[in-house]
Amino acid sequence: MVRSLRLLASCALISQALAHSHILYLIINGQQYRGFNPHAPDAITNSIGWSTNAVDDGFVTPSNYSNPDIICHRDGKPAKAHAPVKAGDKIQIQWNGWPQSHKGPVLSYLAPCASTTDGCASVDKRRLSWTKIDDSSPVLLDEKDGPPGRWATDVLIAQNNTWLLGLPNDLEPGPYVLRHELIALHYANLKNGAQNYPQCVNLWVEAPGPKAITVGKEEVVVAGQKEGVPATALYKATDPGVAIDIYTATLSTYVIPGPTLAPGAKPVPVTEQGLKSTITAVGTPVVVTRATATVPMPNGKTAAAFKG
């Protein structure tokens, strides 16, 4: 039976080779902000999503966990635009589909951009320090119907390929990169078989008052955690949540890879992922002009509200 499941997963992998994914858009307080589309990179100039060369909607392998490609996907480069948010907001993240066979965790990290004067637009991704704000715990939800069981990614698929993310309540105002990632484990029983799909978008956390992240400030407390982790140090190929056989009948728990959840994180539980955000308008991203100031993104190529 287990061998049959593995064969089915192999067939699914072949048939869905072009069915991997990227973030289409975010919904924040009813406003829609478009992500980067690797199939039409010049279609929208006010995208908040980092550009990549992943035209295959492909993945990063464990052998590249120490390579900069794991930070914000392959050849990831920062966007100029930022989506305005407030501490404590909820963000609905819309993926462009997700294959049923690709079981695994849904992970989210934040990194402040404290070393530039244009927010995250020119940040050196290798200097970003990441704090985990959502780990989709417990990830492996049940195996009542046998392996591979029901996983966090199944919840995402059931909600039209969306994930609801809660931002910490105590975020300092200023620019951040949100790193949202799916890890597919259907081939993780093989060496170098896990598949990471990291996606990055820029956020501007609006200030309730005059306080903001200070340019050049090395330490920014994120969700109660003083020190983050470079993305190239988040995972190891030998981590039990990376090198794993999800088809074994004895699997009852899952060890979530990466650092522990920040003490001030406010993840939306998997049981509440059915809460939906409604698009009321196309949001206007902002450009950061100095440490504490933004202006609306200049008019460029954009799109009407997308509901795909």
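Since the structure is predicted, the reported quantities are computational estimates derived from the model, not experimental observations. Numbers here simply count residues along the sequence, with the first being 1. Worth knowing before you read on, the calculation uses all heavy atoms, side chains too, and leaves out hydrogens, waters and symmetry mates.
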Taking all atoms of both residues into account, what is the closest heavy-atom pair of [X] and [Y], and its distance?
| X | Y | value |
| --- | --- | --- |
| V222 | A262 | O-CB, 4.2 Å |
| A231 | R179 | CB-NE, 4.4 Å |
| G224 | P263 | O-CG, 3.5 Å |
| P62 | A237 | CB-CB, 3.7 Å |
| N202 | C120 | OD1-CB, 3.5 Å |

Legend entry - is_close_aromatic(Y197, W95), centroid dist under 6.0 Å: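 That pair fails the under 6.0 Å test.
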Legend entry - Flag, side chain of Y247 to backbone of H186, donor-acceptor distance under 3.5 Å: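 At least one qualifying donor-acceptor pair exists.
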Inset, instruction - Indicate yes or no for a side-chain donor-acceptor contact from K103 to the backbone of L140 under 3.5 Å, with no hydrogens or angles considered. - result: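 Not confirmed, K103 side chain does not pair with L140 backbone.
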Legend entry - NZ/K276: more than 12 non-hydrogen atoms of other groups inside 6.0 Å: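 Yes.
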Legend entry - Over 12 foreign heavy atoms within 6.0 Å of NZ, K80: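 Open.
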Inset, instruction - Please work out which of the three classes, parallel, tilted or perpendicular, describes the rings of H102 and H20, given edges at 30° and 60°. - result: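 The rings of H20 and H102 sit tilted, inter-plane angle from 30° to 60°.
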Legend entry - ring-ring contact (aromatic ring centres under 6.0 Å, His included) pairs, two or more places apart, involving residues 224-244: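 Listed once each, the pairs are Y65-Y235.
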Inset, instruction - Could you note down all residue pairs passing ring-ring contact (aromatic ring centres under 6.0 Å, His included) where residues 256-290 supplies at least one of them, sequence neighbours left out? - result: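 Sorted result for residues 256-290: empty, none.
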Inset, instruction - Report the residues that fulfil side-chain hydrogen bond (donor to acceptor under 3.5 Å, both in side chains) with T131, sequence neighbours left out, ordered by chain and then residue number. - result: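 side-chain hydrogen bond (donor to acceptor under 3.5 Å, both in side chains) list for T131, sorted by chain: empty.
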Inset, instruction - For Y33 and Q31, test the side chains for any donor-to-acceptor distance below 3.5 angstrom and give the result as yes or no. - result: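 No, no side-chain donor-acceptor pair sits under 3.5 Å.
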Inset, instruction - Check I48, I44, L26 against R34 for a side-chain contact (heavy atoms from CB on, under 4.5 Å) and give me the one that passes. - result: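 Option passing the side-chain contact (heavy atoms from CB on, under 4.5 Å) with R34: I44.
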Legend entry - The single option from D89, L110, V268, I133 passing side-chain contact (heavy atoms from CB on, under 4.5 Å) against L165: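 Exactly one candidate clears the test, I133.
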Inset, instruction - May I ask whether L261 and L167 are part of the same hydrophobic cluster, defined by side-chain heavy atoms of I, L, V, M, F, W, Y residues being less than 4.5 angstrom apart, directly or through others? - result: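 Different clusters.
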